[in-house]
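In this text, all values refer to a predicted model and were calculated from it rather than measured experimentally. Residue numbers run from 1 in the order of the sequence given. Excluded from the calculations below are hydrogen atoms, water molecules and symmetry mates; all remaining heavy atoms, backbone and side chain alike, are included.
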Amino acid sequence: MRNIPRGLLIVAALSCAGDASAQDWLRGPLLAAASNFGQGAQPRMFEAARAAGISDFRDAVYWAGTDDGSGQFTFDQPTTTWPDALEPAGAWASLTVNNGHPAYDGGATPHTDAGVAGFAAHAAALTGRFPAIHAIEVGNEFNGGNFVSGPVKQAGRDGRAAAYVALLRATHDAVKASSPGVLILGGGVHSIPVGYLAEVAALGGADLMDALVIHPYSTPPWQLTTQVEVLRRDPAWAAMPLEVTEFGDLSARTAAGHMLAAYCQMALSGVTRAVWYPLNERGDGWVPLIDKREKLTSAGRAYRLIAAQLEGQSVRDVSPDPFTRACLFGEDRLVIWGAPRQLDLSGGRLDAQDAEGMALDAGPVVLDWETPVLILSRDGPLDPAMLALAPQRLLADSRLQYTYPMPGQDQAKDDGFDRFVRSNAGDRPLITRPGQERDGVPWVPYRAARNDPMVRLTADTLLPGGTGAAPAEIVHRYRADTTGPVDLQIEITPADRSEDGVSVVLLHNSTELARETVTDRLQIERAGMKLAEGDTLEVVVGPNQTARGDVTDYRIRIWRAAE
């Protein structure tokens, strides 16, 4: 019987992820690393990884290296036999099958019956040859253009989805026939393209996989749970375990914090396995776990901390407000980060570590969005009420409160702003759209005008439409729920490709307070603005004379005024 590694056993439990009780089954995902042993022998790197406690790898054994074109498979080179080292070392791996073969379909992504059959036979040969392979991942970022070729690349969204499901079906059937205990990982998508995945599901793809794979590079950690929630609105994915088989960071300064924050949000999203990219340096700028000297990097130290403290632990969302993220793992360890404010740990029962596992002083810790903190209880369960958090001054944040309206609803629950489109015809809602449902739109869920997906809004960018004479403006409206002064900050930065910039108007109860044409960067700060309960502030962004190129970074924040 194939030895399935720890952590993957929670796949069955997480099959209830679509139920109300799913929170009871959420666990810290199994950690893994994206290695490249299939591209060349690296025995010292493998030893360094095992010494660091890394036991699960995502890699490949390439089809062209095992099949001479006859359909007979031979494993006799270091690049094709490296998985033999896994089982004696107490390790395991998933293998990605994506590349073509020069003897089939001209080396392009397989699309003929013979090419698809050869592709599937290769996957089955791998699982039959190597007992330490626990999963086959079918395809790599098939929804993008970098890892597909030939007719499949030119086929458009629907054609590409159909070609993918054909490969998935053949691989599923071949692998399950010979190695039924091996998991089939499907999707393999860049970002969280719910529209593209809906097409995969419509073609029967969801029935052919044990877990769905996403690579959420374009999703910041604080947006992950909200985007996955939109994904799970599709019944095909509502109860599907998720694997994130690539996530990473380009900055050594932020990599450790990014890993810890992302791990927290992945755990809350039902992710069962999280694979850091890469294990070792690839020359592409992404921060590895182990450097050229076989030493742990900042990311490697974060990986080690998570593996020791959080992996496999039950997890609950205990965030105290929309501007702070907090995950309680087990009963006595908490990951927390968020909008700046002080956290006092001087009571004596709690210890704190940074994302790399370094102890922090017992005095106050200042929260921020780049450096999550791990809080450990010295004695018994950690009640979030024990945290001595300074009062939260932030009242509304367009970025941190960005969520997605349910079908049939115009506004999202618990949003600090009403968000809508204003035109000469009146105000219209910004409804939820799935992402990559057509060309030219984001590959993640976004909000857009009902009849025009090009007038749209994400958590940090907006795109108005129309012209100066007939604009389609994006409006954020804040409504005060108490009487008192507030501090306001607005940041607006059009893209360099914007033809003539955007217009920005600030309104207080329909009275114009400011009007600007912005071609570079605008920051508006108003301190001590007097608002009565029910008063409104509106930030209105429209085209100048044309909307061409007007994708615009934005952020609107409102604080209770400083005393």
Side-chain angles (χ1 to χ4, degrees), residues 34 36-40 58-83 94-130 133 136-178 184-190 193 196-197 199-200 203-205 208-209 213 215 245-246 282-284 436 439 443:
N36 61 344
F37 302 135
Q39 297 177 24
R58 174 187 183 250
D59 212 305
V61 174
Y62 295 97
W63 184 12
T66 64
D67 177 2
D68 63 4
S70 66
Q72 301 299 311
F73 296 96
T74 303
F75 301 89
D76 58 3
Q77 300 297 319
T79 53
T80 62
T81 60
W82 67 265
S94 65
L95 295 182
T96 299
V97 290
N98 185 72
N99 296 72
H101 190 293
Y104 301 83
D105 297 339
T109 300
H111 53 278
T112 65
D113 289 347
V116 171
F119 181 96
H122 168 245
L126 294 176
T127 59
R129 172 66 175 75
F130 301 114
I133 301 308
I136 291 291
E137 182 177 338
V138 183
N140 183 59
E141 300 182 5
F142 221 82
N143 62 316
N146 292 336
F147 299 100
V148 290
S149 59
V152 172
K153 185 171 184 176
Q154 308 304 322
R157 189 202 71 146
D158 291 352
R160 193 175 296 180
Y164 176 74
V165 173
L167 284 173
L168 179 64
R169 186 180 305 279
T171 305
H172 169 276
D173 293 349
V175 170
K176 292 294 186 179
S178 60
I184 297 296
L185 311 181
V189 291
H190 190 293
Y196 169 82
L197 288 172
E199 183 63 22
V200 170
L203 294 168
L208 302 169
M209 60 182 79
V213 166
H215 296 171
T245 61
E246 286 187 31
R282 301 286 185 91
D284 55 9
Q436 209 181 13
D439 291 338
W443 289 6

Query raised in the report: Do side-chain atoms of Asp173 reach the backbone of Lys176 as a donor and acceptor pair under 3.5 angstrom?
Result: no
Query raised in the report: Aromatic rings His122 and Phe73: how do their planes relate, parallel, tilted or perpendicular, breaks at 30° and 60°?
Result: tilted
Requested in this report: Would you mind reporting whether Phe75 and Leu126 have side-chain heavy atoms less than 4.5 Å apart?
Outcome: yes
Query raised in the report: What closest approach, in Å, do Gly118 and Tyr104 show between heavy atoms, and which atom pair accounts for it?
Result: CA-CE2, 4.4 Å
**Report entry** Cationic N near anionic O, under 4.0 Å, Glu199 to Arg160
**Finding:** no
Requested in this report: Would you give the length of the straight line joining atom OG1 of Thr171 to atom CG of Leu208, rounded to the nearest 0.5 angstrom?
Outcome: 9.5 Å
Query - Close side-chain approach of Ser94 and Thr245, heavy atoms under 4.5 Å - result: no
Query raised in the report: Should we count CG of Asp439 as having more than 12 external heavy atoms under 6.0 Å?
Result: no
Query - side chain to side chain contact (heavy atoms under 4.5 Å, CB included) between Asn140 and His215, worked out - result: CA-CA 9 Å; Asn140 183 59; His215 296 171; 3.3 Å; yes
Side chains of residues 147-155: which donor-acceptor pairs under 3.5 Å do they make with residues two or more places apart or in other chains?
unit_1	atom_1	unit_2	atom_2	d
Ser149	OG	Thr109	N	3.2
Lys153	NZ	Gly145	O	3.1

Query raised in the report: Taking the side chain from Asp105 and the backbone from Gly107, do they hold a donor-acceptor pair closer than 3.5 Å?
Result: no
Query raised in the report: If you round to the nearest 0.5 Å, how far is OG1 of Thr81 from CZ of Phe37?
Result: 12.5 Å
Report summary line: Here the pair of heavy atoms bringing Ser178 nearest to Thr127 is OG-OG1, 4.2 Å
Report task. Hey, could you give me the CG/CG distance between Asp59 and Asn36, rounded to the nearest 0.5 Å? Result -> 6.5 Å
Requested in this report: Check whether any side-chain heavy atom of Val200 lies under 4.5 Å from a side-chain heavy atom of Val165, and answer yes or no.
Outcome: yes
Report summary line: Tightest non-hydrogen contact, residues Met209 and Gly187, listed as CE-N, 3.9 Å
**Report entry** Test item: Val138 and Phe119 side chains (from C-beta on) under 4.5 Å apart, heavy atoms
**Finding:** yes
**Report entry** Gap separating the CG atom of Leu168 from the CD1 atom of Ile136, nearest 0.5 angstrom
**Finding:** 12.0 Å
Query raised in the report: Which heavy-atom pair separates Ala34 from Arg282 by the least distance, and what is that distance?
Result: O-NH2, 3.1 Å
**Report entry** Atom pair OG1 (Thr96) and CD (Glu246), whose distance is rounded to the nearest 0.5 Å
**Finding:** 8.0 Å
**Report entry** Contact check, side chains of Val175 and Ile184, non-hydrogen atoms, under 4.5 Å
**Finding:** yes
Query raised in the report: So, do Val97 and Trp63 sit near enough that their side-chain heavy atoms are less than 4.5 Å apart?
Result: no
**Report entry** Exercise: identify the closest heavy-atom pair between Ala174 and Ala124
**Finding:** O-CB, 3.7 Å
Query raised in the report: Considering only heavy atoms from C-beta outward, does the side chain of Tyr196 approach that of Phe142 to under 4.5 Å?
Result: yes
Query raised in the report: Which pair of non-hydrogen atoms, one from Phe130 and one from Thr80, has the smallest distance, and what is that distance?
Result: CZ-O, 3.0 Å
Query raised in the report: Under 6.0 Å from the CG atom of Asp76, do we count more than 12 heavy atoms belonging to anything else shown?
Result: yes
Query raised in the report: What distance do Asn98 atom CG and Glu137 atom CD have between them, rounded to the nearest 0.5 Å?
Result: 9.0 Å
